[in-house]
Amino acid sequence: MKAAILNQYGESPKYVDLTAPVPNADEVIVEMVASSIKQVDKLKAAGKHYTKYPNLPAVVGMDGIARLSNGSYVYVSGISGTMAEMALVVPNNWVSVPQNLPTPLAAALPNALMGSDAAMLYRGKFQEGHTVVINGATGGTGRIAVQMAKNRGANCVIAIGRISSGLSELTNLGADIVINTEQTEAAYLNELSGYLSKHQPDLVIDYLWSRPAELLLKALNEVMKKEIRFVTVGEMAGATINLPSALLRSRKIVLLGSGIGSISFTEIKQYLATELPGVYKWAEEGKIIMPIQTVELAQIETAWQRPEAKGKRLVVLIQP
């Protein structure tokens with residue numbers, strides 16, 4: 001079979017021939033159709049993620065869409081790497097893909113949902129009627145967070161990001177308020193504090209961390225009159241912040257992280273089993289929009305080096 005193989009950390013995967021994996025008694029082999037290239041895949045291959053491959057060389061890819069022997073399509077999480085023509089999975093531990101949902105979108109959505117919808121539900125304790133702030137809303141996962149918050153009944157979604165990265169487009173995706181960070185810090189804080197004072201948020205989903213998180217926390221400290229859960233999902237602006245102790249002592253700000261580990265594997269399984277089918281239905285109905293770029297598996301080495309463009313998720317088409 002053909003597969004995308006990582007030989008050493010820090011390299012791009014190579015397109016090679018590989019012997020198909022052999023299932024154990026509690027495993028089945030499935031035919032992979034598509035798998036998305038995610039930030040976590042790239043960080044893991046670079047040796048910069050807190051999860052590692054058990055051994056190298058290894059097939060990359062954590063999940064994707066498979067075709068079963070009866071011709072139906074399902075979303076699977078791989079025991080072996082999924083960017084290969086065949087992969088090992090746990091039997092019946094999959095989610096059916098609706099007939100009219102495009103395969104690339106079905107492949108790309110689950111990871112984006114773990115960093116948005118699952119973060120809101122399991123770490124943010126989202127409830128219908130909440131006001132939600134999305135910090136870094138113009139990224140691919142941030143755009144999904146905006147849509148999922150509205151699909152789940154948020155009263156108000158405040159999207160924060162750079163106008164040059166498509167902030168204004170988020171209004172069409174459901175954002176009630178958009179705040180442009182491409183202005184002086186003083187002007188930005190004044191605008192931000194005004195909106196937060198009027199629309200007291202229950203939850204923040206933050207993809208940026210570093211200085212943008214500092215500014216947001218500063219504004220929250222000035223105006224918040226109730227408890228808020230601040231969930232950090234990413235660190236696109238930097239890995240550290242300056243966090244005064246008094247800020248957490250003087251306001252009911254609950255600071256949380258969301259990722260592999262803080263969301264347990266039990267919760268991940270629960271989300272995929274109970275929430276993903278409904279989200280797939282929303283996507284089939286056109287209630288979730290996600291720009292997709294597709295490449296063939298044979299292009300994996302060059303595709304791996306391609307940066308995400310304006311929120312577009314890259315999906316590898318493995319076979320017809």
[X] and [Y] ion-paired at < 4.0 Å:
{"X": "E11", "Y": "K14", "result": "yes"}
{"X": "R143", "Y": "E169", "result": "yes"}
{"X": "K150", "Y": "D176", "result": "yes"}

Does any part of the side chain of [Y], heavy atoms only, come nearer than 4.5 Å to the side chain of [X], both counted from C-beta?
{"X": "V76", "Y": "M32", "value": "yes"}
{"X": "I5", "Y": "V59", "value": "yes"}
{"X": "Y75", "Y": "L109", "value": "no"}
{"X": "D17", "Y": "K2", "value": "yes"}
{"X": "I65", "Y": "V74", "value": "no"}
{"X": "V254", "Y": "L248", "value": "no"}
{"X": "Q200", "Y": "K225", "value": "yes"}
{"X": "S77", "Y": "N93", "value": "no"}

Compute whether any side-chain donor of one residue and acceptor of the other, for [X] and [Y], lie under 3.5 angstrom apart.
{"X": "S250", "Y": "N221", "result": "yes"}
{"X": "R306", "Y": "T302", "result": "no"}
{"X": "S210", "Y": "E235", "result": "no"}
{"X": "S12", "Y": "E301", "result": "no"}
{"X": "D117", "Y": "Y271", "result": "yes"}
{"X": "S35", "Y": "T82", "result": "yes"}

State plainly whether one hydrophobic cluster holds both [X] and [Y], where clusters connect Ile, Leu, Val, Met, Phe, Trp and Tyr through side-chain heavy atoms under 4.5 angstrom apart.
{"X": "V231", "Y": "L220", "answer": "no"}
{"X": "V40", "Y": "L208", "answer": "no"}
{"X": "L88", "Y": "M1", "answer": "yes"}
{"X": "M148", "Y": "L256", "answer": "yes"}
{"X": "L113", "Y": "Y73", "answer": "yes"}

Of the non-hydrogen atoms in [X] and [Y], which two are nearest, and what is the gap between them?
{"X": "E128", "Y": "G153", "value": "CG-O, 3.6 Å"}
{"X": "A84", "Y": "I318", "value": "O-CG2, 3.5 Å"}
{"X": "Y280", "Y": "L101", "value": "CD2-CD2, 3.4 Å"}
{"X": "S80", "Y": "A87", "value": "OG-CA, 3.5 Å"}
{"X": "P21", "Y": "P23", "value": "O-CD, 3.8 Å"}
{"X": "A108", "Y": "R313", "value": "CB-CG, 3.7 Å"}

> Under 6.0 Å from the OH atom of Y195, do we count more than 12 heavy atoms belonging to anything else shown?
Replying inline: no
> Does K52 NZ have over 12 foreign heavy atoms under 6.0 Å away?
Replying inline: yes
> Taking it one step at a time, do V28 and V89 satisfy side chain to side chain contact (heavy atoms under 4.5 Å, CB included)?
Replying inline: CA-CA 6 Å; V28 295; V89 301; 3.6 Å; yes
Between atom [atom1] of [X] and atom [atom2] of [Y], what is the distance when rounded to the nearest 0.5 Å?
{"X": "L167", "Y": "I179", "atom1": "CG", "atom2": "CD1", "result": "9.0 Å"}
{"X": "Y207", "Y": "S116", "atom1": "OH", "atom2": "OG", "result": "5.0 Å"}
{"X": "E227", "Y": "I253", "atom1": "CD", "atom2": "CD1", "result": "10.0 Å"}
{"X": "S258", "Y": "M114", "atom1": "OG", "atom2": "CE", "result": "7.5 Å"}
{"X": "Q147", "Y": "I134", "atom1": "CD", "atom2": "CD1", "result": "11.0 Å"}
{"X": "S36", "Y": "M83", "atom1": "OG", "atom2": "CE", "result": "6.5 Å"}

Counting distance only, does the side-chain N/O of [X] pair as donor-acceptor with the main-chain N or O of [Y] below 3.5 Å?
{"X": "R229", "Y": "L203", "answer": "no"}
{"X": "E27", "Y": "N24", "answer": "yes"}
{"X": "S262", "Y": "G257", "answer": "yes"}
{"X": "E214", "Y": "N242", "answer": "yes"}
{"X": "K226", "Y": "M224", "answer": "no"}
{"X": "D202", "Y": "T131", "answer": "yes"}
{"X": "D206", "Y": "W209", "answer": "yes"}
{"X": "E267", "Y": "S264", "answer": "yes"}
{"X": "E275", "Y": "A118", "answer": "no"}
{"X": "N70", "Y": "S72", "answer": "yes"}

> What do the steps show when you test E185 against R211 for salt bridge (charged side-chain N to carboxylate O under 4.0 Å, His left out), and what is the final call?
Replying inline: CA-CA 10 Å; E185 283 194 359; R211 185 60 176 164; 2.8 Å; yes
> In a check of side-chain hydrogen bond (donor to acceptor under 3.5 Å, both in side chains) between K38 and each of N111, D63, T141, which one passes?
Replying inline: D63
> Can you list the steps and then say if V295 with L314 is a side chain to side chain contact (heavy atoms under 4.5 Å, CB included)?
Replying inline: CA-CA 7 Å; V295 296; L314 196 59; 3.9 Å; yes
>> So, using ring pair (Phe, Tyr, Trp, His ring centres under 6.0 Å) as the criterion, who are the partners of F126 when residues are at least two apart?
In response: H130
> Does the salt bridge (charged side-chain N to carboxylate O under 4.0 Å, His left out) test come out yes or no for K44 and D41, once each step is laid out?
Replying inline: CA-CA 5 Å; K44 190 171 180 178; D41 292 316; over 6 Å; no
> Yes or no on side chain to side chain contact (heavy atoms under 4.5 Å, CB included) for Q270 and Y122, after CA distance, side-chain angles and deciding distance?
Replying inline: CA-CA 11 Å; Q270 178 185 359; Y122 293 114; 3.6 Å; yes
> Does K48 make a cation-pi contact with Y9, if we ask for NZ or CZ under 6.0 Å from the ring centre and within 45° of the axis?
Replying inline: no
>> Please evaluate residues I228 and V204 with respect to the criterion side chain to side chain contact (heavy atoms under 4.5 Å, CB included), reporting the C-alpha separation (whole Å), side-chain torsions for both, the decisive distance (0.1 Å), and the verdict.
In response: CA-CA 8 Å; I228 182 172; V204 170; 3.7 Å; yes
